[in-house]
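Below is one structure, written out as structure tokens; the observations come after it.
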Amino acid sequence: MSFKIPYGKQFISDDDTKAVIEALHSDFLTQGPRIAEFEKNFAAYIGCKYAVAVSNGTAALHLPLLAIDLKQGDNVITTPITFAASANAARYCGANVYFVDIDPDTYVMSVEALKILLEKHPKGFFKAVVPVDFTGFPVDLEKIRKLADEYGLFILEDACHSPGGYFTDSKGKKQMCGNGNYANAAAFSFHPVKHIASGEGGMITTNDETLYKKILKLRTHGITKENLQYDFPDPSQQGAWYYEMQDLGYNYRITDIQAALGNSQLKRADSGIARRQEIAKKYREAFKGAPIKIQKENKDAFNAYHLFVVEVENRKGLYEFLIQNGIFAQIHYVPVHLMPYYKQFGWKPGDFPNSEKYYKHCISLPMYPTLSNEEQNYVIEKVLKFVND
Ligand SMILES: *Cc1c(COP(=O)(O)O)cnc(C)c1O
């Protein structure tokens with residue numbers, strides 16, 4: 001048997017290919033109708049009012065912070081166990097990044113630790129918090145909202161791992177990740193390894209119309225034809241061509257080609273989540289009783305399972321043993337506060353013990369809808385062989 005099994009993988013169907021080819025032969029390669037269609041469909045899927053498609057997930061994190069005028073000297077909170085972009089988005093605005101340790105069992109930002117950090121500083125010290133639905137496990141936004149209201153925080157949910165995930169709030173209502181009922185805005189990524197692939201791509205979701213309009217403008221240089229200020233001597237001489245650059249924005253546009261792929265992939269989102277659930281269930285059952293710690297389940301939290309992470313005593317050994325057997329597991333993530341770039345701000349080993357301990361033992365096992373039963377059996381067999389030897 002010869003396998004080459006990655007930890008994650010995109011799936012391109014014939015329908016996907018057809019949709020992209022149609023876009024290529026249409027009048028628009030970018031800024032055409034497929035982008036608005038993707039936004040509309042994605043907003044309906046998540047259950048939010050507004051969605052803005054952008055060039056990648058990092059741009060989706062940057063723009064909401066830019067839209068609230070985050071700037072140098074402001075302070076933003078995120079978690080060390082995330083992709084660097086969750087923190088970098090605040091740095092792009094010149095803001096300082098603070099970290100809050102993870103819960104040792106669910107691996108998402110600890111709400112208790114967040115509360116402790118907030119209490120140590122005067123109200124207004126922190127402008128925003130960027131909690132991450134790590135692995136697809138939804139953070140408890142209801143609790144974070146309470147703190148955010150008390151301390152005046154903007155909540156930007158990093159939902160790059162969690163399209164299709166949800167939590168049940170205290171009123172018993174299902175809250176889809178990124179639906180904007182508790183967070184002010186959320187960011188998604190359509191990098192091929194994520195649930196929905198568009199090549200590069202991202203989406204911002206929100207229920208806040210003012211924020212939505214600002215983000216739309218900032219996506220394309222801060223240029224608009226709406227609410228014109230006519231800082232010109234004679235507005236009557238301006239025609240339909242006239243536009244204004246009112247703010248300093250970026251070119252964070254997505255193309256119609258990518259939106260065509262994203263739209264087509266979105267149609268399979270539910271079956272993808274269902275398959276991820278099956279795979280997770282099988283791993284959990286297979287590892288019962290083995291010396292393996294598995295991410296905690298919570299009845300109020302439906303994990304979208306972008307990743308399936310476990311902790312083992314000899315992580316490096318397992319990682320290398322799996323590679324020898326054609327299984328390319330991955331480590332998510334090297335703690336962000338220990339990156340050379342972030343260490344310059346004074347962060348050091350020992351600052352976030354749960355995150356650092358998790359990092360020492362964690363490994364992400366193959367998790368993607370097209371992982372076959374045969375392949376998963378093989379992964380399970382190899383993992384158990386290593387940890388039981
Ligand atoms: C993938 C990812 C991002 C960035 O998305 P890109 O599309 O690669 O820019 C941000 N945060 C998290 C948690 C991610 O997994």
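Because the structure is a prediction, the values reported are computed rather than measured. Residue numbers count from 1 along this sequence. For ligands, and for the atoms within them, numbers begin at 1 and follow the listed sequence.
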I need the atoms of ligand 1 closer than 4.0 Å to a non-hydrogen atom of L61, numbered in the order shown.
10 (C)

Centres of the H62 and Y252 rings: under 6.0 Å?
yes

Heavy-atom nearest neighbour in the protein, as seen from atom 10 (C) of ligand 1, with distance rounded to 0.1 Å:
C160 SG, 3.6 Å

Establish, for the pair R315 and Y359, whether the NZ or CZ atom is under 6.0 angstrom from the six-membered ring centre and no further than 45 degrees off its axis.
yes

Indicate yes or no: does K360 engage E356 in a salt bridge with an N to O separation below 4.0 Å.
no

Looking only at heavy atoms, is any part of V193 under 4.0 Å from ligand 1, and if so is it the side chain, the backbone, or both, or is it neither?
neither

Closest contact, heavy atoms only, G199 versus P192:
O-CD, 2.9 Å

Check the side chains of D101 and S110 for a donor-acceptor pair under 3.5 angstrom, ignoring hydrogens and angles.
no

If you measure only the distance, is there a donor-acceptor pair under 3.5 Å linking the side chains of N88 and Y342?
yes

Provide, to 0.1 Å, the distance between atom 11 (N) of ligand 1 and the closest protein heavy atom, together with that atom's residue and name.
D158 OD2, 2.8 Å

Please report which non-hydrogen protein atom sits nearest to atom 8 (O) of ligand 1, along with the residue it belongs to and the distance in Å to one decimal place.
S189 OG, 4.1 Å

Backbone or side-chain N or O of E200 under 3.5 Å from ligand 1 N or O:
no

Check ion pair D169-K174 (N to O, under 4.0 angstrom)
no

If we number the atoms of ligand 1 from 1 as shown, the ones under 4.0 Å from a heavy atom of G57 are 5 (O), 6 (P), 7 (O), 9 (O)

Any heavy atom of T58 under 4.0 Å from ligand 1? The part involved is both

Would you mind checking if D105 and K293 are paired as a salt bridge, meaning a charged N to carboxylate O distance below 4.0 Å?
yes

Out of curiosity, is K194 lining ligand 1, as in a heavy atom under 4.0 Å away?
yes

Classify the contact between Y333 and ligand 1 as side chain, backbone, both or neither, using a heavy-atom distance cut-off of under 4.0 Å.
side chain

Assess, by modelled atom type and distance only, whether the side chains of T168 and Q175 contain a donor and an acceptor separated by less than 3.5 Å.
no

Under 4.0 Å from a heavy atom of N56: give me the atoms of ligand 1 that qualify, with their elements.
7 (O), 9 (O)

Ligand 1 versus H306: contacting region, heavy-atom distance under 4.0 Å:
neither

For T82, which part has a heavy atom under 4.0 Å from ligand 1: side chain, backbone, both, or neither?
side chain

